[in-house]
Engineer: 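Okay, here's the structure, questions in a sec.
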Amino acid sequence: MRLIRKIDEMRKYVRERKNKKLIGFVPTMGYLHEGHLSLIRKARRECDEVIVSIFVNPTQFGRGEDYHSYPRDLKRDIALSEKEKVDVIFAPSVEEMYPEGYSTFVQVEGRLSSVLEGASRPGHFRGVCTVLVKLFNIINPDISFFGEKDFQQALIVKKMVEDLNIDTRIVLLPTVREEDGLAMSSRNSYFNEEERKAAIILYRSLKKAKEWIDQGERNSSRIIQKMKDFIAKEPLARIDYIAIVDSKSLEEVEQVERGNLIALAVYIGKVRLIDNMRV
Ligand code: AMP
């Protein structure tokens, strides 16, 4: 496996292989866990070359968010990637990606990026789209792999790729969970024991919602209210949002239908977690 830190070297590597090989790409912020590894394994099965980027992207973090404390361990990520037979880790520095004077940003406008995470984290998707366009331009991947854990992000990236004619296929894979249902996330490493236990409230509330729907409840507002009441029983949890939306347009729905997305963001102590489930 190769570790590449310079954009020029990454481009050269790809240029030499591109015409013969199918290139798979897994963009991440590192501190790899089984969720990331599921994407890497899928890429390994489907592609000739697997490139994983590890870059904690400053432009997608808001003021007061956890950019500085975000967990980082490149050594461990290299070891895990090697085990999965990754061909290249691309881990540029912040200066390499955003040299002084950097001034171009990419934004998907409209509803997709202004609701849910977009409303709670202004500028977040602008940062995500900007770094991804740069990475797509550098790596030129045939297939790029994303997780449903960040469902809204995946919708926005698909839209951007379509609108800007970026020549990569977006593949979405299911959320990988801990045994008790907590969605895997690099941010789970922030938790103490008590918070870790409290964090399963997100998954449990989604499961509850599904149960109520299975029992015939269809009214979104009522389901959301019941989820709020359920989460309120966990003293460490504070809800940011809960929404039931159409899974293509992200429009809120009054009556729940098959395929709708239930999405929520909840603080456990100071840590903000997101999760979602398709109905
Ligand atoms: P991140 O490093 O958190 O930016 O995530 C990088 C990629 O891994 C994104 O496409 C995420 O959606 C995906 N991902 C993160 N957590 C999970 C998970 N628990 N299951 C599946 N994919 C995930």
Side-chain angles (χ1 to χ4, degrees), residues 4-19 21-30 36 39-40 42-43 46-47 49-62 65 67 70 86-119 121-173 186 248 250:
I4 298 181
R5 311 210 62 142
K6 293 288 176 200
I7 292 171
D8 284 348
E9 189 187 345
M10 189 67 245
R11 302 189 92 113
K12 183 160 174 281
Y13 181 95
V14 171
R15 213 179 300 122
E16 283 165 5
R17 284 158 184 80
K18 179 78 183 168
N19 55 0
K21 293 187 159 180
L22 195 69
I23 295 181
F25 175 42
V26 182
T28 82
M29 298 206 297
H36 299 120
L39 307 183
I40 292 173
K42 179 76 171 172
E46 299 217 332
C47 305
E49 284 280 329
V50 177
I51 301 175
V52 175
S53 66
I54 295 182
F55 181 63
V56 183
N57 173 36
T59 62
Q60 73 188 67
F61 288 80
E65 290 187 357
Y67 172 68
Y70 195 86
V86 167
D87 294 290
V88 176
I89 287 187
F90 179 53
S93 66
V94 171
E95 299 71 39
E96 182 76 359
M97 291 294 272
Y98 300 110
E100 210 174 300
Y102 185 88
S103 58
T104 304
F105 292 85
V106 180
Q107 190 153 5
V108 172
E109 303 208 337
R111 181 170 190 90
L112 284 188
S113 18
S114 59
V115 296
L116 310 176
E117 288 303 285
R121 306 182 65 189
H124 170 65
F125 289 123
R126 175 178 181 263
V128 169
C129 287
T130 300
V131 80
L132 282 173
V133 167
K134 287 171 69 68
L135 291 168
F136 289 149
N137 279 336
I138 295 163
I139 292 169
N140 205 347
D142 297 288
I143 313 181
S144 303
F145 298 84
F146 290 84
E148 276 177 8
K149 159 90 192 326
D150 301 279
F151 192 90
Q152 184 179 13
Q153 166 177 288
L155 280 189
I156 291 170
V157 173
K158 276 190 182 166
K159 182 78 176 107
M160 175 182 78
V161 161
E162 187 186 320
D163 285 355
L164 295 182
N165 312 100
I166 296 172
D167 194 12
T168 190
R169 183 154 69 84
I170 304 295
V171 170
L172 246 191
L173 295 173
S186 308
K248 291 203 173 80
L250 299 185

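The first residue in the sequence is number 1, and the count goes up from there.
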Engineer: Judged by atom type as modelled, is there a donor-acceptor pair below 3.5 Å linking the side chain of Lys18 to the main-chain atoms of Asn140?
Structural biologist: yes
Engineer: For Phe136 and Pro141, which heavy atoms make the closest approach, and how far apart are they?
Structural biologist: O-CD, 3.7 Å
Engineer: Spell out, as yes or no, whether a donor-acceptor pair under 3.5 Å connects the side chain of Gln152 to the backbone of Glu117.
Structural biologist: yes
Engineer: Using side-chain heavy atoms (C-beta onward) and a distance below 4.5 Å, is Phe145 in contact with Val50?
Structural biologist: no
Engineer: CD1/Ile139 to CD1/Ile7 distance, rounded to the nearest 0.5 angstrom?
Structural biologist: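 Interatomic distance, Ile139 CD1 to Ile7 CD1, rounded to 0.5 Å: 10.0 Å.
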Engineer: Taking the side chain as everything from C-beta on, heavy atoms only, tell me whether Phe25 gets closer than 4.5 Å to Phe90.
Structural biologist: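 No, their side chains stay 4.5 Å or more apart.
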Engineer: For Thr28, which of Val56, Ile54, Ile40, Leu39 qualifies under side-chain contact (heavy atoms from CB on, under 4.5 Å)?
Structural biologist: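 Only match with Thr28 under side-chain contact (heavy atoms from CB on, under 4.5 Å): Ile54.
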Engineer: Can you tell me if Asp87 uses its side chain to pair, donor with acceptor, with the backbone of Ile51 under 3.5 Å?
Structural biologist: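 Side chain of Asp87 to backbone of Ile51, a donor-acceptor pair under 3.5 Å: no, none is there.
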Engineer: Which heavy-atom pair separates Lys6 from Glu96 by the least distance, and what is that distance?
Structural biologist: CA-OE2, 3.3 Å
Engineer: Establish, yes or no, whether the cationic atom of Lys134 lies under 6.0 Å from the six-membered ring centre of Tyr98 and within 45° of the ring axis.
Structural biologist: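 Lys134 over Tyr98 ring: yes.
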Engineer: Are Asn57 and Tyr70 linked by a side-chain donor-acceptor pair shorter than 3.5 Å?
Structural biologist: no
Engineer: Give, for atom CD1 of Ile138 and atom CE of Met97, the distance between the pair rounded to the nearest 0.5 Å.
Structural biologist: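 The CD1 atom of Ile138 sits 4.5 Å away from the CE atom of Met97.
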Engineer: Quick check: do Val88 and Met10 have side-chain heavy atoms less than 4.5 Å from each other?
Structural biologist: yes
Engineer: May I ask you to check whether Thr130 and Thr59 show a side-chain donor-acceptor distance below 3.5 Å?
Structural biologist: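 Thr59 and Thr130 do not have a side-chain donor-acceptor pair below 3.5 Å.
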Engineer: Taking all non-hydrogen atoms of both residues, which atom of Ser53 and which atom of Pro27 are closest, and how far apart?
Structural biologist: OG-CA, 3.2 Å
Engineer: Okay, side chain of Tyr102, backbone of Thr104: is any donor-acceptor separation there less than 3.5 Å?
Structural biologist: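 Yes, the answer is positive, given that a donor and an acceptor are paired below the 3.5 Å cut-off.
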Engineer: Which atoms form the tightest heavy-atom contact between Gly30 and Ser186, and what is the distance?
Structural biologist: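 Minimum heavy-atom separation between Gly30 and Ser186: O-OG, 3.3 Å.
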Engineer: Can you find a pair of side-chain heavy atoms, one from Ile156 and one from Val128, that are under 4.5 Å apart?
Structural biologist: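 No - every pair of side-chain heavy atoms lies 4.5 Å or more apart.
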Engineer: Is it true that atom CD of Glu16 has more than 12 heavy atoms of other residues, nucleotides or ligands lying nearer than 6.0 Å?
Structural biologist: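 Counting other residues, nucleotides and ligands, CD of Glu16 exceeds 12 neighbours.
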Engineer: Please report the shortest heavy-atom distance between Gly24 and Cys47, naming the atom on each side.
Structural biologist: CA-SG, 3.5 Å
Engineer: With the side chain counted from C-beta on, respond yes when Phe125 and Gln107 share a heavy-atom pair under 4.5 Å apart, and no when they do not.
Structural biologist: no
Engineer: Sub-3.5 Å donor-acceptor pair from the side chain of Glu65 to the main-chain atoms of Gly62, do we have one?
Structural biologist: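 Yes: the side chain of Glu65 pairs with the backbone of Gly62.
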Engineer: Within a 6.0 Å radius of atom CZ on Arg169, are there more than 12 heavy atoms belonging to other residues, nucleotides or ligands?
Structural biologist: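 No, CZ of Arg169 has 12 or fewer neighbouring heavy atoms, counting only those of other groups under 6.0 Å.
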Engineer: Do Val106 and Leu164 come within less than 4.5 Å of each other through their side chains, counting heavy atoms only?
Structural biologist: yes
Engineer: Check whether any side-chain heavy atom of Met160 sits under 4.5 Å from a side-chain heavy atom of Val133, and report yes or no.
Structural biologist: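 They are in side-chain contact.
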Engineer: Are any side-chain N or O atoms of Ser113 and backbone N or O atoms of Arg126, one a donor and one an acceptor, separated by less than 3.5 Å?
Structural biologist: no
